[in-house]
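Right, one structure below, let's go through it.
The analysis underlying the following values was restricted to heavy atoms, covering all of them including side chains, and did not include hydrogens, waters or symmetry mates. Since the model is a prediction, treat every value here as computed from it, not as a measurement.
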Amino acid sequence: MERVISKNRKREFAYKKLSLAIVLSASMSLGQAADLNADSDKDSIVDVIDNCVKVFNPLQRDTDGDGFGNRCDADFDNNNIVDDRDIKSLLTRFKTDDPDGDLDGNGTVDGADLEIAEAMFKQPPGPSGFGFEPSFVKAPPPALNNQLFELNKERENGDNAAILVSFKGVEGLKSVIPFNFSGRTIALNDLGILPDQERGDGLYSSFFNFDFKSQLRNEEKFISRVEKFGGSTVELFSGRSVVGAAKFEPKNPPTGQKPIELEDGTVLTPFFPAIDFTPLLPMAHNEAKSLMVTHPSVTADFSRTFDPCDVDGDGNLGNVNGAWSFKTLMTNMANTSITGISAQEFTHNWLLNWMSPQTVNGFTVFQRTNMQNFFGGWDGVNASTLDMNNLPFRLLAIVNRIDLASTSSYGQTGQPGEIRFVFGLVDPASPSCTSGNLGSTQAMTVIFEYGDTSSFCTSVKSRANEWIDLSSMAFGTAAFNAALQAITDDVTTANAMPNKPNGSALNQLRTNEIALSFPWQLREFVIDAGSASLVSATIKQTPDPALFRNSSLVTKQFMETNADAISCESHVVPDTFAGNPFLGSHADYGFGTVWTAHPTTTIVPGAGFCTETTASGTPTLEGTVRHKLSLNTCDDCHSGETQTSFTHVKPQSFPTTLSGFLTGITVPDPLGAPVTREFDDLARRGQIMEDLAVKSCKSGVFVPVLMDPVVHFPPIDPVFKVDLPRFNPEVVDFSRVQQRSTFVH
């Protein structure tokens, strides 16, 4: 295959004209009439674009993306005042490299940072030269074009690049629009402050620091992977359905744009990342190593995992305190030094959720006391009776869900991807609990779903490349398992996320089982900040199945009023709807269950309705909305819509097997419509990861683009005005929409 990029063509790459959305707008809190040359702290950043106006901070570090530079922002909980909770939060990060707690930027949280925080006690963060328009978080205005430039020489603060963004035709924007690039605030301005050349012309500009060598290296690595893995085709998706395939054809960027010389002598030379011009990239990595790791050398690593029944048959139960053992993950979530709750008590409290009825969002989850049967010696009442060294779970898979990342350079708008651990229940009391015997395995999975540590574009790119690099290593080697653990340790260790409950990176924990009682049941748990324990929570994107799954009039109303968003899979099922609790507390379901539409359901598509493309047949409007609602629920993603027997990762096999939804399957419409749909979710995830790993942080893959349904269905009204073209679903790759949903199963 021809090489797409030549090392000698660094300056010949050109950007495609992509749409870029800015999520944060700024007001000039110092007043539009302020002196544009004023620099109160003498850090060479004029006040109107300085995120710490009164404190010297030429690097403009802003690692939490809130618009206040770290040097003047000890308000870690963002309640607009530095108080006791912030001081306590800083102390939990002491002697770590936590970027938010590192106020002075020396690489560690130490006494100097504590002095800075104490000096700001009882004061608000900042001041900053600009403020935020919160509505931009959910309703970003599209840009017409953006352009990256390399400087002829570094500026005093290390800046080596400039970016110019056009917002012509968008009304209501302020003169300064901040965004965050790799933990640093960059204030785009249209005030004539260099590199901006003309005030008020709709072209916003800023200096910043860009790793040009890394970008070229990522592109070259991709080309090498394509040659190695034979990535000659790209699967095409509508939502999560495969709708076809196309030949991978890299786009050749245009050339000829001339350098720009600024009035201070700085020369801006256009820099064009070539891969940004190619809309879709093929999956050029090994999915078994980089997306869904189930190989026995990992799941039965005797130094890192523990299995009380030795299902793998290697004669070794493993290490109960290993990095990937159930006990270790629970211990780290308990975080005793911070919470005062022991790992034994924390695990006991979680198990109590099955021992008595739980009320969630007004719905009752009834007890399943058979849980006690799998924990020998545990009396179901006293934490001291729980044997933490014999917890009945074995590792089934380590899962990369970076496809869930909502990546944006623009402030705190993104969501990080997830890293998941899937465990299967075993019965230590069973006579089959012997080496190499599957008889002790039970029909139950427990999934730890950790949010990754950052949603900043550069961080997500680095993580994507770390996962992809695993493909070049061999299973069964110390190097592979060590590299994988280096990734997972970032989210599993204690205090991985100091701002979250217990300092744990856990987003949620999910269980899926029939081992405890009939029928199959799915539950969800989150760490409660008050009790520091795992408590029952709502199951996301799933109205209460008992009330709303079968031809419900309430579901009819929800489908009709949210039809456009549901068709584009950008909807969010709320806690309440039509004045009553709506989001479910658990799902009881059986093989083939699906969500059905009330027979009087009538869908009237709006301008942004996403017409569904299927493997065969043409669904009705009602059929599309019904399917998309059903597919995104917890129960029917695991049942009729995907022809799955409840679990996508099978707990009663070794090595574990995966569902057809993940590996490729064609499914007829479960209600008999003359339609078939095809799924291949690992391919969808893999292609998204390639985009994240290779394309630059100014590429449209990281921000909503002009034809993105998220732009057309903002959950709040935007504060700007823009004449958008009529929404055309034929030009949107909806697989990218899933990057902005943290609820995908």
**Q.** Thr620: partners by side-chain hydrogen bond (donor to acceptor under 3.5 Å, both in side chains), with sequence neighbours left out
**A.** none

Q: Under the side-chain contact (heavy atoms from CB on, under 4.5 Å) rule, collect the residues that match up with Asn437, sequence neighbours excluded.
A: Ser432, Thr434

Q | For Ser290, side-chain hydrogen bond (donor to acceptor under 3.5 Å, both in side chains) partners two or more places apart | A | Ser471

Q. So Phe421 and Tyr450, would you call those rings parallel, tilted or perpendicular, with 30° and 60° as cut-offs?
A. perpendicular

Q. Salt bridge between Arg626 and Asp669, side-chain N to carboxylate O under 4.0 Å?
A. yes

Q) Excluding sequence neighbours, so at least two apart, what forms side-chain hydrogen bond (donor to acceptor under 3.5 Å, both in side chains) with Glu513? A) Arg368

Q: Look at the rings of Phe577 and Phe558 and say which category their plane angle falls in: under 30° parallel, 30 to 60° tilted, over 60° perpendicular.
A: perpendicular

Q) Are Phe375 and Trp354 near enough that their ring centres are under 6.0 Å apart? A) no

(Q) For His295, give me all partners under ring-ring contact (aromatic ring centres under 6.0 Å, His included), at least two apart in sequence or on another chain. (A) Phe475

**Q.** Phe448: ring-ring contact (aromatic ring centres under 6.0 Å, His included) partners, not counting sequence neighbours
**A.** Phe326, Phe423

Q) In terms of ring plane angle, is the pair His348 and Trp378 parallel, tilted or perpendicular, where the classes change at 30° and 60°? A) perpendicular

Q: Mark yes or no for whether Thr339, through its side chain, and Ile341, through its backbone, hold a donor-acceptor pair below 3.5 Å.
A: yes

